[in-house]
Visitor: 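Take a look at this one; I'll ask things after.
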Amino acid sequence: MKKKNWMLLIMAVILVACGTSRVVPVTGRKQSVVSDNAGLLTESFTAYKNYVSTAKLSTDATKTALVKKVGQRLANAVETYLTNNGYKDEVQNYNWEFNLVADKQVNAFCMPGGKIVVYEGLLPVTQTETALAIVLGHEIAHAVAYHSAEQQQSENKRQIIGQVAGSVLSAAGMSSNTASTLSSLYGLGSQVAQLKYSRNHETEADRIGLVFAAMAGYDPNEALTFWQRMAANSSGGSTPTWMSTHPSDAQRISDIQKFLPEALRYYKPAGTATTTTSSKKSTTKKASTPKTTKTIRIQ
């Protein structure tokens, strides 16, 4: 290989290495995240503010209060855990906010820095305060595990390597058509890898979320019945698991069964759960999920 090509590869390696190393709370997994986390948080807070200003927030005061109460109870437990386990400096990164949106989607999403939205359509499936805590624990886990920052770093690497691969192939004398084809194949392969990357994040969020729910006094055992209800509520799409960003319902339930013993070590009962099943139909105005953030679906 020519000296020029080697220089391109060396530059790529240096660029790809840029980032910050970190250990994920609870799981202890080592990760690489973007260096500019402050910039990511600023973008997240701005995007969330814009989203909430255009979304139709729920007019059900009781349900809205429940979402906020459960969310804050979890956030308090999480901040206590982080402070006591070597993450005290990160607590300042969270500006917790929990909103209930008048939308029939059975869904919720999280943004970096603790900005979380729950759709009203999810509540008939959660049914109890504890199941709602399981969902919010999962969403909070995405924020605490810096999954958005990690995926952004991974995307930066993918783009850099793809660009350099094309340049090196062309510099090596390969025809432009062949180089383009091979670069495209690399792109397809890396995208499939990213799907698995997202599935791994979902599984990790399930594990961490169970622990957070238990820390806040919610019985993690209820995660099994909740996900069984979610499976029954599923539309039954035919997308293979390896082409999906999320684990299959069966895989998810199986993983949760394995995570329960760990979560139960943190569990201390704290009061009686409130039901969330009854609801009045309301007219909803669709609002687009902010483009600057990854939607974290729970199913």
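Quick note: numbers below take in every heavy atom, side chains included, and nothing from hydrogens, waters or symmetry partners. Since the structure is predicted, the reported quantities are computational estimates derived from the model, not experimental observations.
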Visitor: Measure across S148 and L40 and return the closest heavy-atom pair with its distance rounded to 0.1 Å.
Guide: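 In terms of heavy atoms, the two residues are closest at C-CD2, 4.3 Å.
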
Visitor: Looking at E120 and K63, is any side-chain nitrogen of the basic one under 4.0 Å from a carboxylate oxygen of the acidic one?
Guide: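 A salt bridge is absent here (no side-chain N lies under 4.0 Å from a carboxylate O).
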
Visitor: According to the interplanar angle, ranging from 0 to 90°, do the rings of F109 and Y119 count as parallel (below 30°), tilted (30 to 60°) or perpendicular (above 60°)?
Guide: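 Ring orientation of F109 relative to Y119: tilted.
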
Visitor: Which pair of heavy atoms, one from A216 and one from L74, lies closest together, and at what distance?
Guide: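 So the minimum-distance heavy-atom pair works out to CB-CD2, 3.8 Å.
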
Visitor: Which pair of heavy atoms, one from A143 and one from G114, lies closest together, and at what distance?
Guide: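 That closest heavy-atom pairing would be CB-N, 4.1 Å.
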
Visitor: Under a 4.0 Å threshold between the charged nitrogen and the carboxylate oxygen, would R22 count as salt-bridged to E150?
Guide: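 Here E150 does not pair with R22 in a salt bridge, since their nearest N and O are not under 4.0 Å apart.
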
Visitor: Judged by atom type as modelled, is there a donor-acceptor pair below 3.5 Å linking the side chain of T126 to the main-chain atoms of L123?
Guide: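 Pair found, side chain donor or acceptor close to backbone of L123.
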
Visitor: Could you walk me through whether N99 and Y48 pass the side-chain hydrogen bond (donor to acceptor under 3.5 Å, both in side chains) check?
Guide: CA-CA 11 Å; N99 277 299; Y48 188 83; 3.1 Å; yes

Visitor: What heavy-atom pair brings L260 and P220 nearest, and what distance separates the two atoms?
Guide: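 Residues L260 and P220, closest heavy atoms: CD2-O, 3.3 Å.
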
Visitor: Please confirm whether the backbone N or O of F98 pairs with a side-chain atom of K68, one donor and one acceptor, at under 3.5 Å?
Guide: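 Yes, K68 side chain to F98 backbone: donor-acceptor pair under 3.5 Å.
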
Visitor: Does the side-chain hydrogen bond (donor to acceptor under 3.5 Å, both in side chains) test come out yes or no for E204 and N200, once each step is laid out?
Guide: CA-CA 6 Å; E204 184 171 60; N200 290 343; over 6 Å; no

Visitor: May I ask you to check whether N76 and Q72 show a side-chain donor-acceptor distance below 3.5 Å?
Guide: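 Q72 and N76 do have a side-chain donor-acceptor pair below 3.5 Å.
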
Visitor: Closest heavy-atom contact between D219 and I134?
Guide: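 Answer, listing the atom of D219 first, then I134: O-CD1, 4.3 Å.
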
Visitor: Return the minimal non-hydrogen interatomic distance between A223 and I256, and the atom names on each side.
Guide: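 It is CB-CG2, 4.0 Å.
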
Visitor: Are the side chain of N233 and the backbone of R229 linked by a donor-acceptor contact shorter than 3.5 Å?
Guide: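 Side chain of N233 to backbone of R229: no pair is present.
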
Visitor: Under a 3.5 Å cutoff, is there a donor and acceptor pairing between the side chains of N93 and Y146?
Guide: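 Per modelled atom types, N93 and Y146 side chains form a pair under 3.5 Å.
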
Visitor: Do side-chain atoms of T46 reach the backbone of T42 as a donor and acceptor pair under 3.5 angstrom?
Guide: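 Yes; judged by distance alone, with no hydrogens or angles, the pair exists.
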
Visitor: Rounded to the nearest 0.5 Å, what's the gap from CE on M215 to CZ on R265? Could you check?
Guide: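 Reported value, rounded in 0.5 Å steps: 10.5 Å.
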
Visitor: With distance as the sole criterion, is a donor-acceptor pair present between the side chains of E202 and H142 under 3.5 Å?
Guide: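 Checked: E202/H142 side chains pair up, N/O donor to acceptor below 3.5 Å.
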
Visitor: Please round to the nearest 0.5 Å and tell me the distance separating atom CG of L122 and atom CG of D103.
Guide: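 CG of D103 is found 11.0 Å from CG of L122.
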
Visitor: Without swapping roles, check the side chain of E222 against the backbone of A133 for a donor-acceptor pair under 3.5 Å.
Guide: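 Not a single qualifying donor-acceptor pair exists.
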
Visitor: Y218 side chain to L132 main-chain N or O, any donor-acceptor pair under 3.5 Å?
Guide: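 No: the side chain of Y218 does not pair with the backbone of L132.
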
